[in-house]
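Quick notes on the structure that follows.
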Amino acid sequence: MSLKATYESVPSEAEHYFEQHRWEWQDRFLRGSTALYDPIFTPLFTSLFTALNFSAATAALLGAGAAAIATTALAIGIQALLAPKPPKPEDGKIPKIQSVPYRWWGVGRTRIGGAYMLWEAVGKRLFAVQAIAGHRIQSINRYWLHDDEVTLQGSGTIVDGTNYRTNVSIFSRLGAVPETPYSSIVSALSGQGVWTNSHRGDGQASVAMICASDKAERQQKTFPYGPPQLSVEADLALCWDFRDPLQDPEDPSTWQWTRNSAVIMAWHQCFNEFGHRRNYQRAILPVLDMWQEEADVCDELVELAGGGFERRYECNGFDTTENDPKAGTNAILASCDGWICERGDGALLFVVGKFREKYVTTLTDADLVGHQIEYDVLFEDECNRLIPKFCYPQIGYATSDTDFFEDTSAQLIAGRVLSQEANYQWVHQWRQARRLGKRDWLRLQEKVTGQLNVRLSGINSVYSRWVQLSTPKMLPRLDGKIVENRKSVLSLLQGGFVMDIMKHPTNIDAWNPALDEGQQPAVPPRTTASGILTPVINLVQARPNGDSVYIRVVIIDPQDETLVPVVRYRLADAGSGSPGAWVEQRFPNPVPSGGFIDMSTNVVPSNKLLDIQVAFIASDGDYGPWSTTANVTSTVDPTAPGTPVNMTTANASGTVTVSAKAANDNTRYLIFKRGTTAQSFAAATLIGQYNVTANQTISLPDTPGTGTWKYWCGAENGSGIPSAAQASSTITI
């Protein structure tokens, strides 16, 4: 059977136009979007607001946002069960067989099988092509046949060492335009017109497999599970990081692979062919400062109980066009405890899970028409145990759970355990799943939910994630309390807006790694045909030593003294996006302690993102399978420098002399920027970066033109760690 129809890459002009636009049409139809301009609802609401004595501009702004305004992450409860969801992680390992398969897309790093475009047997050989993503991807890192990991020789033939011996060859394409045909398949099938040089798959990431049958007496042993099912670990979408001035939103060739939840959300909203397809100039640029700050929050380093750090929020997952784009949006929001709101002018407000006072607005008695508040929950809705679930690479990219959160006193009162699951399926780090789970657990314990009917005077709170209630008459029990705006919609019959709320825990950001991190989820032992275990990484940490750095790697003790652990590392990007060569180090006499083996490498390259893997070597010298890849930045100096001091600006005939002094600490660079008073440091224009020592003063001239200008000076240490704040000065020319 040949499933090649949708893989033709030389369509007619009409077909090309439809292929280019149908996802946008589908998205608008499924969402019922009025975000850009709806010919029915927008004029209706505009005329209604104008009749209520709003100005035409305000009326148009309100009318344009008449669809769903704000929504937040859905990970628990009935709403989460009813919300559209991407496929489970384990579902992606099995390639789909459909006559016209749905297209796949993905972000971050995950395991995926895609859908068959070709499945054809000719003579003793089987030919297969699988489309794994309908867009360009960064790389393909690992390969599995069923659940047996295989490695490739330079020719694409798998390395001997599994049941499959060398009877399988695997090839891949990353989705360039134009793409390169699979020459081995073309030479075998083009004569029959089944697969030709026209089957390139432009812009489609794919893998191909050729299997050769073995002798009759060996066939069952070579292919014990029948025809192999190929799946791969891939670094998927390249995204525009709006914090990097070298990346151009109009030029995808400048984009980089990322796991940052905020950057991925912007890509899905504006650039993903299968996403919401918003105009980034309307959705992102008007609130660029907010998006940059949220991306920085996602990249913040969270301390780990065993030492070292990991990023606060990372996102990895895949979906298909079988699902509405909202399925991907919900998964991304759940990965960062996120909240997103569409403003009336089309701008998207986005806030990740870290409470900040500046995002708090106030609702008073005068702003409320009515309310429906529940100060407790029904027995059937009670939850005294919350179980966070996530995708765990250590068990082959399948769903796992972490240690749960529970209230034993509430269990005694209820007489039984009443559990709920929190689904973070686009999260791969078990510690991150625990952090997200704790935030949801604290919200559940508040048990205060409900709806507020908000007048149009309270519109600012509709566009805010956190709302402080100043309601001594209307809601005295919640007077002075902060609630979270979980979802807001326009409802004129209810007075203006209906806001779903949940009481905000005052300690939601509290996190003690030693107490809250819990235990690493169990990993069932897995062996290869040679019987060598696969190592399980518990912790990877960069440890500075003077002006150099080494890597500390902690693995779970295999309880087998005959196995020698070996650590290997490489540069994740040695130039042009390609990784460097692997460097190995063996540890022949490990000393297990407390169920772990703690190893420290030799000096590694400083201030670089490194890939880390571990394997065991048996007594006969054979290597076992390599572990999943861990990433760590080899930061030499993790201590942030102090804020620059003595910041001044002086105007002389239109030329501004800007001056600032480095703090008396580990400051290595001073960074000067200029912008308007409405801009942030991140969005301002760079006017100079200087190497400095402690207490050194830098002065530079700048000619900004007439107007009111704000100047900033920030600091970085030798490892690029920025100061927590910047000095600033405002001047009018």
Side-chain angles (χ1 to χ4, degrees), residues 69-83 333-334 337-339 341 351 353-357 359-386 388 405-411 413-414 418-422 435-455 458 460-489 491 494-510:
I69 299 171
T71 187
T72 189
L74 296 175
I76 57 176
I78 296 177
Q79 285 184 317
L81 293 176
L82 299 178
L333 288 174
D337 189 25
W339 177 91
C341 174
V351 180
K354 181 183 179 182
F355 178 74
R356 280 150 287 173
E357 289 280 355
Y359 290 136
V360 178
T361 58
T362 301
L363 282 177
T364 67
D365 286 322
D367 297 319
L368 300 183
V369 178
H371 59 82
Q372 180 182 344
I373 304 297
E374 299 171 354
Y375 293 93
D376 207 334
V377 297
L378 298 174
F379 180 78
E380 57 265 28
D381 297 326
E382 181 75 44
C383 175
N384 51 42
R385 175 179 290 177
L386 183 67
F405 299 90
E406 66 177 349
D407 184 344
T408 54
S409 299
Q411 290 172 3
I413 295 172
L418 300 169
S419 64
Q420 290 189 31
E421 294 181 356
R435 292 195 299 273
L436 291 166
K438 183 178 180 182
R439 299 179 71 87
D440 279 327
W441 173 244
L442 292 174
R443 291 191 186 99
L444 286 175
Q445 289 185 308
E446 293 292 335
K447 297 184 178 181
V448 178
T449 60
Q451 289 185 335
L452 301 179
N453 299 325
V454 182
R455 298 180 190 274
N460 286 342
S461 293
V462 172
Y463 293 108
S464 177
R465 178 167 185 173
W466 293 288
V467 179
Q468 186 170 36
L469 299 179
S470 179
T471 53
K473 297 179 180 178
M474 186 78 76
L475 289 168
R477 291 180 61 178
L478 293 179
D479 182 37
K481 305 298 183 183
I482 295 178
V483 297
E484 185 168 356
N485 173 10
R486 303 290 286 180
K487 183 179 180 181
S488 292
V489 296
S491 178
Q494 299 296 326
F497 304 95
V498 174
M499 180 187 296
D500 291 347
I501 65 167
M502 178 178 285
K503 190 170 181 295
H504 175 71
T506 56
N507 60 336
I508 194 169
D509 289 320

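- N453 has its side chain within reach of V498: a pair of non-hydrogen atoms, C-beta onward, lies under 4.5 Å apart.
- The two atoms that bring H371 and M474 nearest to each other are NE2-O, 3.4 Å, heavy atoms only.
- Residues forming a side-chain contact (heavy atoms from CB on, under 4.5 Å) with D376 (at least two apart in sequence, or on another chain): K447.
- The distance from the NE2 atom of H504 to the CG atom of L442 is 9.5 Å, given to the nearest 0.5 Å.
- Listed by chain and residue number, nothing satisfies the side-chain contact (heavy atoms from CB on, under 4.5 Å) test with N460 (two or more places apart in sequence, or in another chain).
- Two residues are said to be in side-chain contact when any heavy atoms from C-beta on lie closer than 4.5 Å; T506 and F355 fail this criterion.
- By the salt bridge (charged side-chain N to carboxylate O under 4.0 Å, His left out) test, R465 pairs with D337, E484, sequence neighbours left out.
- Residue L363 holds its CG atom at 8.5 Å from OG1 of T471, rounded to the nearest 0.5 Å.
- Residues meeting the side chain to side chain donor-acceptor pair (under 3.5 Å) test with T361, sequence neighbours left out: S461.
- When the side chain to side chain donor-acceptor pair (under 3.5 Å) test is applied to R455, no partner is found at least two apart in sequence or on another chain.
- The salt bridge (charged side-chain N to carboxylate O under 4.0 Å, His left out) check on D509 picks up R439, with sequence neighbours excluded.
- Interatomic distance, CE of M502 versus NZ of K487, reported as 14.0 Å (0.5 Å rounding).
- K481 is linked by a side chain to side chain donor-acceptor pair (under 3.5 Å) to nothing, counting only residues two or more places apart in sequence or in another chain.
- Shown here are the side-chain contact (heavy atoms from CB on, under 4.5 Å) partners of T364, two or more places apart in sequence or in another chain: T362, A366, D367, S470.
- Applying the salt bridge (charged side-chain N to carboxylate O under 4.0 Å, His left out) test to pairs two or more places apart or on separate chains, those with a residue in residues 496-507 are E446-K503.
- A search for side-chain contact (heavy atoms from CB on, under 4.5 Å) contacts involving E374 returns Q372, T449, not counting sequence neighbours.
- The side chain to side chain donor-acceptor pair (under 3.5 Å) check on N384 picks up nothing, with sequence neighbours excluded.
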